[in-house]
Amino acid sequence: MEEPELQLRVRRVTDKFTESMYFLANEPSVALYRLQEHVRRSLPELVQHKTDMQGVEEQCQGAIYTVEYACSAVKSMSNSAAYFKNIEGLLRQAISIKDQMSSLQSRRAKRAPLPFQCWMVYSVNNGRQAHPSPCEPTASDTARF
């Protein structure tokens, strides 16, 4: 009869030992140790992901700023159509005035010789005027000025 009694005692001891081991394995300090191990293994990877994400965020912020700046530039260009029309009108007016000035200068050049031509006429006559020089203004020329 000792054998079943021995088996019962061994079973009780093993049950108590299993219960103690289960209690020790699930004790809060062991759980905190397991948590610490997990954090120690996964934290460097999480830090690397965080720094990568911060770099990507900075690049995105730069791209957003660039796009917003480009949009504002396009909007200001579309609003400046009136200014470009004004500039175009002023350029046309300037070209017209330049053409008028060119035609006036060409008419004056046909009427009055160049200063070099006046000097040649004077030197050919040896300083004497045989006839009125075209370089000297006439009465009608002085009335214009």
Side-chain angles (χ1 to χ4, degrees), residues 1-125 127 132-145:
M1 283 221 167
E2 284 186 26
E3 211 173 287
E5 194 176 308
L6 184 63
Q7 283 182 355
L8 184 64
R9 282 186 178 181
V10 169
R11 177 164 278 208
R12 281 184 192 163
V13 169
T14 57
D15 286 345
K16 289 285 184 183
F17 183 73
T18 304
E19 186 179 323
S20 295
M21 290 303 289
Y22 183 76
F23 179 75
L24 285 175
N26 293 319
E27 185 185 16
S29 63
V30 173
L32 291 176
Y33 173 74
R34 299 281 185 213
L35 186 63
Q36 180 186 9
E37 281 182 340
H38 173 72
V39 168
R40 190 176 303 150
R41 279 188 309 231
S42 62
L43 188 64
E45 186 178 338
L46 290 173
V47 168
Q48 182 63 40
H49 284 306
K50 182 181 177 183
T51 56
D52 292 345
M53 292 304 289
Q54 286 174 339
V56 168
E57 181 186 14
E58 288 175 7
Q59 289 176 346
C60 288
Q61 289 296 329
I64 288 170
Y65 175 77
T66 302
V67 168
E68 287 176 350
Y69 184 73
C71 287
S72 67
V74 167
K75 286 179 184 176
S76 67
M77 286 176 66
S78 65
N79 293 338
S80 63
Y83 298 113
F84 284 121
K85 287 182 182 177
N86 187 24
I87 291 170
E88 181 183 10
L90 291 173
L91 285 173
R92 289 182 191 274
Q93 186 179 7
I95 291 171
S96 172
I97 291 172
K98 190 241 178 220
D99 288 342
Q100 288 175 0
M101 290 175 64
S102 295
S103 67
L104 283 174
Q105 284 179 349
S106 66
R107 277 191 264 154
R108 283 188 183 167
K110 288 179 183 176
R111 272 196 263 157
L114 297 174
F116 178 72
Q117 291 172 337
C118 294
W119 177 78
M120 289 296 290
V121 168
Y122 186 74
S123 65
V124 167
N125 292 330
S133 171
C135 297
E136 293 181 8
T138 60
S140 62
D141 288 339
T142 55
R144 272 189 288 156
F145 297 110

dist F84:CZ -> M77:CE (nearest 0.5 Å) comes out at 6.0 Å

Output the distance between atom CZ (R12) and atom CD (E19), rounded to the nearest 0.5 Å.
-> 13.5 Å

Please test E37 against R40 for salt bridge (Lys or Arg N to Asp or Glu O under 4.0 Å), starting from the C-alpha separation and ending with a verdict.
-> CA-CA 5 Å; E37 281 182 340; R40 190 176 303 150; over 6 Å; no

For the atom pair CD (Q7) and CZ (R11), what is the distance rounded to the nearest 0.5 Å?
-> 8.0 Å

Spacing of CG belonging to L90 relative to CD belonging to E88, to within rounding of 0.5 Å = 10.0 Å

Answer whether the closest heavy-atom distance between the side chains of S78 and V74 falls below 4.5 Å.
-> no

Validation row: Q36, L32 side chains within 4.5 angstrom (heavy atoms) | no

In Å, rounded to the nearest 0.5 Å, how long is the span from CZ of F17 to CG of L24?
-> 9.0 Å

Short question: side chain of T66, backbone of G62 - any donor-acceptor pair under 3.5 Å?
-> yes

Which distance, rounded to the nearest 0.5 Å, do you find between the CG of D99 and the CG of L104?
-> 11.0 Å

Scan H49, K50, Q48 and name whichever one has a side chain to side chain donor-acceptor pair (under 3.5 Å) with D52.
-> Q48

Does A82 offer a backbone N or O that forms a donor-acceptor pair with the side chain of N86 under 3.5 Å?
-> no

Do Y65 and Q61 meet the criterion of a side-chain donor-acceptor pair at a distance under 3.5 Å?
-> no

